[in-house]
Amino acid sequence: MFRNFKVLFLIIAALILFSSSGCKKEETHYGVLGKSVGPYWNVVRKGAEDAASELGVKVTIFMPQKEDIPQQIETVETWISMGFKGMAVAPSDPEALVSPMNSAMEKGIPAITIDTDSPNSKRLCYIGTDNYTAGLAAGKKMAEILNGKGKVAVATGSLTAMNSLERIRGFEDALKKYPEIEIIRPILCDNEETSRAVELAETALLNNPDLSAFFGVYAFNGPSAAKAVKAAGKKGKIHIVSFDVTDEHLYLIDEGLIDATIAQKQYLMGYEGVKIIHSMIKNGVQETLDSLPKNEEGDCIIDTGVDVVTKENLEEYLKIMDKWGVEHTFKL
Ligand code: BGC
């Protein structure tokens with residue numbers, strides 16, 4: 001009797017021990033931090049969620065309402081204090097996010113960048129578009145559409161984020177070969193506020209009656225310029241080269257308001273971003289980095305690539321969107 005009691009006691013003690021912290025499965029929780037609320041980031045969200053459900057991990061995905069550097073800093077700091085195990089960040093300002101991302105790294109929390117980089121931080125890897133090259137492609141397309149002549153307004157959502165600055169640099173470099181194309185100043189910046197973007201495009205049209213085109217650097221810039229062009233009755237007279245494909249872009253390309261758009265693969269930024277962070281936690285940071293592509297300086301840069309989408313290849317692009325499960329109401 002006494003012996004049975006002792007065995008029972010040992011079993012209960014073992015069970016208590018097993019259910020306490022020592023053997024409890026710790027929850028793996030990652031963070032994905034975007035730059036603004038809108039259809040572009042919804043696709044990043046979908047990619048991150050798909051990866052999280054495949055891996056059986058928890059991911060918090062957060063985007064400030066519009067470009068908001070202080071809120072991004074605060075979010076990273078909160079995630080560190082909440083014990084997140086890793087994070088993928090799209091810095092609205094590459095320098096401002098150095099300190100919070102480095103502080104994550106110093107605490108052993110792998111931090112990577114997606115969509116836009118912060119090369120001076122200790123982030124382990126960047127996954128996204130090669131923005132300079134994509135800007136060059138936009139510039140070449142613009143020169144082709146304008147037959148090497150015209151006046152172009154550039155509209156963006158940020159003058160601090162590296163992706164925006166690199167796209168503009170690439171665009172301007174491509175147009176250097178065309179002395180008869182003028183880029184008007186200043187560059188229009190709306191901080192990713194759609195209503196402001198439309199207002200700025202309307203003002204540019206009023207102030208420049210001889211304007212030939214808009215270059216829309218961020219996802220909502222093309223559609224915002226299209227709204228202004230349509231309202232001014234200048235469809236067909238003013239061309240638009242934009243970035244990204246959202247449902248709105250599909251209608252506007254089909255309608256002939258947007259001539260061409262540089263489609264990013266933001267689904268992969270969310271999907272691969274979560275997979276890479278998870279691999280760093282599961283297999284080790286160095287082991288993961290060893291398996292990933294590096295540039296000449298040995299920096300881990302994963303170029304997700306772009307497609308130039310026009311009315312001619314719209315059907316092809318819809319297939320890519322369907323493959324990723326990105327919803328769109330537009331049908332051909
Ligand atoms: C950019 C993002 C931006 C988004 C929405 C995209 O083209 O890559 O950084 O937040 O547009 O405006």
Side-chain angles (χ1 to χ4, degrees), residues 32-48 61-69 71-72 75 88-94 96-97 112-118 126-135 137-138 141 154-171 187-198 200-201 214-227 240-249 252 258 260-270 272-273 302-309 317 321 326:
V32 174
L33 176 58
K35 287 168 73 226
S36 63
V37 170
Y40 172 89
W41 286 101
N42 288 346
V43 179
V44 179
R45 175 187 294 279
K46 170 104 184 25
I61 303 153
F62 177 73
M63 289 92 190
Q65 203 57 38
K66 57 177 184 134
E67 292 279 337
D68 192 335
I69 301 163
Q71 204 180 3
Q72 281 199 324
T75 306
V89 178
S92 282
D93 180 325
L97 268 292
I112 63 166
T113 48
I114 55 166
D115 179 65
T116 180
D117 201 5
S118 171
Y126 163 70
I127 314 172
T129 301
D130 174 341
N131 286 291
Y132 177 75
T133 312
K141 197 71 196 164
V154 176
T156 185
S158 170
L159 285 174
T160 51
M162 205 174 146
N163 59 355
S164 167
L165 299 176
E166 286 290 279
R167 284 174 205 176
I168 296 171
R169 190 167 70 86
F171 183 78
I187 286 168
L188 316 172
C189 181
D190 49 62
N191 293 316
E192 300 218 38
E193 260 182 282
T194 315
S195 55
R196 181 84 186 118
V198 178
L200 287 170
F214 279 99
F215 170 39
V217 178
Y218 272 0
F220 58 89
N221 290 121
S224 303
K227 264 184 212 137
I240 299 173
V241 172
S242 66
F243 255 78
D244 303 309
V245 180
T246 64
D247 209 10
E248 223 180 340
H249 285 80
L252 294 167
I258 292 183
T261 195
I262 311 293
Q264 299 191 79
K265 300 194 176 133
Q266 72 268 35
Y267 177 88
L268 298 178
M269 301 178 202
E272 298 296 343
I302 303 175
D303 178 8
T304 40
V306 293
D307 294 300
V308 181
V309 179
Y317 197 75
M321 290 176 86
V326 176

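Read the numbers this way: they start at 1 and go in the same order the structure lists the ligands and their atoms. Values below: every heavy atom of this structure, side chains too, minus hydrogens, waters and symmetry copies.
- Closest to atom 8 (O) of ligand 1, if we only count protein heavy atoms, is D115 OD1, 2.7 Å.
- At a 4.0 Å heavy-atom cut-off, ligand 1 touches N163 through the side chain alone.
- Neither the backbone nor the side chain of M162 comes within 4.0 Å of ligand 1, counting heavy atoms alone.
- The backbone N or O of K66 lies less than 3.5 Å from no partner atom in the side chain of S36, so there is not a single donor-acceptor pair.
- Between the CD atom in E248 and the OG atom in S224 there is a gap of 7.5 Å [rounded to 0.5 Å].
- Of all the heavy atoms of Y40, the ones lying under 4.0 Å from any atom of ligand 1 belong exclusively to the side chain.
- Under 4.0 angstrom from ligand 1, the non-hydrogen atoms of A219 come from both its backbone and its side chain.
- Interface of K35 with ligand 1, defined as ligand atoms under 4.0 Å from a residue heavy atom, comprises 2 (C), 3 (C), 9 (O), 10 (O).
- The distance from ligand 1 to the heavy atoms of R167 drops below 4.0 Å at these ligand atoms: 1 (C), 6 (C), 7 (O), 8 (O).
- Counting heavy atoms under 4.0 Å from ligand 1, residue Q266 does not touch it at all.
- For the residue pair R167 and F215, the shortest heavy atom distance occurs at O-CE2, 4.3 Å.
- For ligand 1, the polar-atom distance check against W41 finds a nitrogen or oxygen pair separated by under 3.5 Å.
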Query raised in the report: Can you check side chain to side chain donor-acceptor pair (under 3.5 Å) on Y40 and D115, steps first, answer last?
Result: CA-CA 11 Å; Y40 172 89; D115 179 65; 2.6 Å; yes
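- Q264 has its side chain out of reach of N163: every pair of non-hydrogen atoms, C-beta onward, lies at least 4.5 Å apart.
- From the protein, the heavy atom lying nearest to atom 5 (C) of ligand 1 is E192 OE1, 3.2 Å.
- The ligand atoms of ligand 1 that sit less than 4.0 angstrom from a heavy atom of F220 are 12 (O).
- Taking every heavy atom of D244 and a limit of under 4.0 angstrom, the matching atoms of ligand 1 come to 6 (C), 7 (O), 11 (O).
- A salt bridge between E272 and K265 is absent, with no side-chain N of the basic residue lying under 4.0 Å from a carboxylate O of the acidic one.
- Distances shorter than 4.0 angstrom occur between a heavy atom of S36 and an atom of ligand 1.
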Report task. Step by step, work out the side chain to side chain donor-acceptor pair (under 3.5 Å) result for N221 and D190. Result -> CA-CA 9 Å; N221 290 121; D190 49 62; 3.0 Å; yes
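- Between M269 and T129, the closest side-chain pair of non-hydrogen atoms falls below 4.5 Å.
- Considering OG of S242 and OH of Y218, their distance stands at 14.5 Å, rounded to 0.5 Å.
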